[in-house]
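In what follows, a structure is listed as structure tokens, so that the remarks can point back to it.
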Amino acid sequence: MKVVLVNGSRRDNGCTYIALMEVGEALKTEDIETQLIFVGKRVIAGEVDAAVDEVGEAMKDADGLVVGSPVYYASPTGEVQMVLDRLFMKYSREMLFKPAAAVTSARRAGITATVNVLNEYFMMHQMPVVSSRYWNMVHGFTPEDVKKDLEGMQIMRMLGRNMAWLLKSIEAGKNAGVQTPAQEEVTMTNFIR
């Protein structure tokens, strides 16, 4: 099994990276492979489509997704939102029914709003949203600060374990003959007359 970790920060090895690595380490202890993809700086460099395709292609073989973002003005980075907007339009089939989680980092506040924005992408694509024992967040201004956020680091480890448990449960269900829910053709209602 494999989980794709997406880092939406402009800082490759910053606070969000520390949080994602803690999730990744917990997944590895459960024998689940991870693939880390940095998208933040790539979007700024004009490589949006390449970043989207790298994540989308990785999701074809992946079983789960974790998206990490720092908090900018009480929301995810514009870079990660741009990637997710395009990713979920182009690779929506690769996302269907795969567990997903949002991870956020902030110096102080705005985290719950950021988690909610990221979770919306998952919920609109029938992806089970993985939680921990609190909001999936870490606090700190520097990576060293985040490592001192013992509660936040514990939340990341629990998130990794919970993701592993859900992935293994889904695999056990498939092995027992449980099928994914039948899909209906999308019905769209326009409320403007």
Side-chain angles (χ1 to χ4, degrees), residues 1-40 55 58-59 62-77 79-81 83-84 95 97-123 125 127-173:
M1 281 185 264
K2 180 173 97 173
V3 173
V4 174
L5 308 173
V6 175
N7 187 346
S9 175
R10 296 172 192 161
R11 294 183 181 97
D12 286 351
N13 298 310
C15 298
T16 304
Y17 170 80
I18 298 299
L20 288 169
M21 289 300 89
E22 196 72 6
V23 174
E25 287 302 315
L27 287 164
K28 287 178 188 174
T29 64
E30 298 288 336
D31 297 320
I32 295 177
E33 177 188 348
T34 61
Q35 178 180 353
L36 177 63
I37 301 174
F38 295 95
V39 300
V55 176
M59 285 304 297
D63 303 286
L65 174 67
V66 179
V67 176
S69 178
V71 174
Y72 289 1
Y73 300 99
S75 69
T77 67
E79 293 84 4
V80 78
Q81 286 184 283
V83 167
L84 294 178
M95 306 300 168
F97 302 119
K98 294 181 180 179
V103 167
T104 60
S105 65
R107 182 187 67 80
R108 197 156 166 80
I111 288 183
T112 55
T114 302
V115 167
N116 290 339
V117 169
L118 294 173
N119 282 342
E120 293 295 335
Y121 289 96
F122 312 145
M123 291 188 297
H125 289 83
M127 300 174 80
V129 176
V130 182
S131 62
S132 187
R133 63 174 58 167
Y134 197 65
W135 288 293
N136 300 340
M137 62 182 179
V138 294
H139 285 95
F141 187 63
T142 67
E144 292 72 31
D145 291 343
V146 170
K147 291 175 186 176
K148 294 175 190 172
D149 178 7
L150 300 181
E151 182 179 8
M153 296 300 277
Q154 182 182 55
I155 289 166
M156 295 302 112
R157 288 190 301 275
M158 291 300 303
L159 177 60
R161 287 191 208 104
N162 290 350
M163 173 70 82
W165 171 78
L166 186 54
L167 291 173
K168 291 176 182 181
S169 296
I170 290 170
E171 182 179 53

| message | Other residues, nucleotides and ligands only: do more than 12 of their heavy atoms fall within 6.0 Å of CZ on Phe97? | response |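 Count over threshold, so yes.
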| request: Hey, could you give me the CE/CG distance between Met153 and Asp149, rounded to the nearest 0.5 Å? | output: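 Met153 atom CE to Asp149 atom CG measures 8.0 Å (nearest 0.5 Å).
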| field | Euclidean distance, Arg133 CZ relative to Arg161 CZ, rounded to 0.5 Å | value |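 Taking CZ in Arg161 and CZ in Arg133, the distance rounds to 8.0 Å.
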| Side-chain touch Met127/Leu65, heavy atoms, less than 4.5 angstrom |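 Yes; the side chains approach each other to less than 4.5 Å.
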Kindly give the heavy-atom pair with the smallest separation between [X] and [Y], and that separation in Å.
X: Leu167; Y: Met1; result: CB-SD, 3.6 Å
X: Ala109; Y: Ala106; result: O-CB, 3.8 Å
X: Asn136; Y: Ala102; result: CB-O, 3.0 Å
X: Arg107; Y: Phe141; result: CD-CD1, 3.7 Å
X: Glu79; Y: Arg10; result: OE2-NE, 2.7 Å
X: Leu150; Y: Lys147; result: CD2-O, 3.9 Å

| Candidate pair Val66 and Val130, rule side-chain contact (heavy atoms from CB on, under 4.5 Å), full reasoning | CA-CA 9 Å; Val66 179; Val130 182; over 6 Å; no
| Do any N or O atoms from the side chain of Asp145 and from the backbone of Thr142 form a donor-acceptor pair under 3.5 angstrom? |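 Pair found, side chain donor or acceptor close to backbone of Thr142.
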| field | N/O donor-acceptor pair under 3.5 Å between Lys98 side chain and Ala62 backbone | value |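 Yes, Lys98 side chain to Ala62 backbone: donor-acceptor pair under 3.5 Å.
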| field | Derivation and outcome, side-chain contact (heavy atoms from CB on, under 4.5 Å), residues Ile18 and Val138 | value | CA-CA 9 Å; Ile18 298 299; Val138 294; over 6 Å; no
| task | Quick one: list whatever passes side-chain contact (heavy atoms from CB on, under 4.5 Å) with Thr34, sequence neighbours left out. | result |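 side-chain contact (heavy atoms from CB on, under 4.5 Å) list for Thr34, sorted by chain: Leu5, Leu27, Lys28.
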| request: Name all residues meeting the side-chain contact (heavy atoms from CB on, under 4.5 Å) criterion together with Glu33; count only those two or more places apart in sequence or in a different chain, and write none if there are none. | output: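 Lys2.
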Output a table of donor-acceptor pairs, distance under 3.5 Å, between side-chain atoms of residues 68-77 and any protein atom two or more places apart or on a different chain; print 'none' if there are none.
{"unit_1": "Ser69", "atom_1": "OG", "unit_2": "Thr77", "atom_2": "N", "d": "3.0"}
{"unit_1": "Ser75", "atom_1": "OG", "unit_2": "Tyr72", "atom_2": "O", "d": "3.2"}
{"unit_1": "Thr77", "atom_1": "OG1", "unit_2": "Gly8", "atom_2": "O", "d": "3.1"}
{"unit_1": "Thr77", "atom_1": "OG1", "unit_2": "Val80", "atom_2": "N", "d": "3.0"}

| Should Val117 and Thr114 be marked as a side-chain contact (heavy atoms from CB on, under 4.5 Å) after you check the CA-CA gap, both sets of side-chain angles, and the distance that decides it? | CA-CA 5 Å; Val117 169; Thr114 302; 5.9 Å; no
| Full working for side-chain contact (heavy atoms from CB on, under 4.5 Å) between Leu20 and Tyr17 | CA-CA 5 Å; Leu20 288 169; Tyr17 170 80; 5.8 Å; no
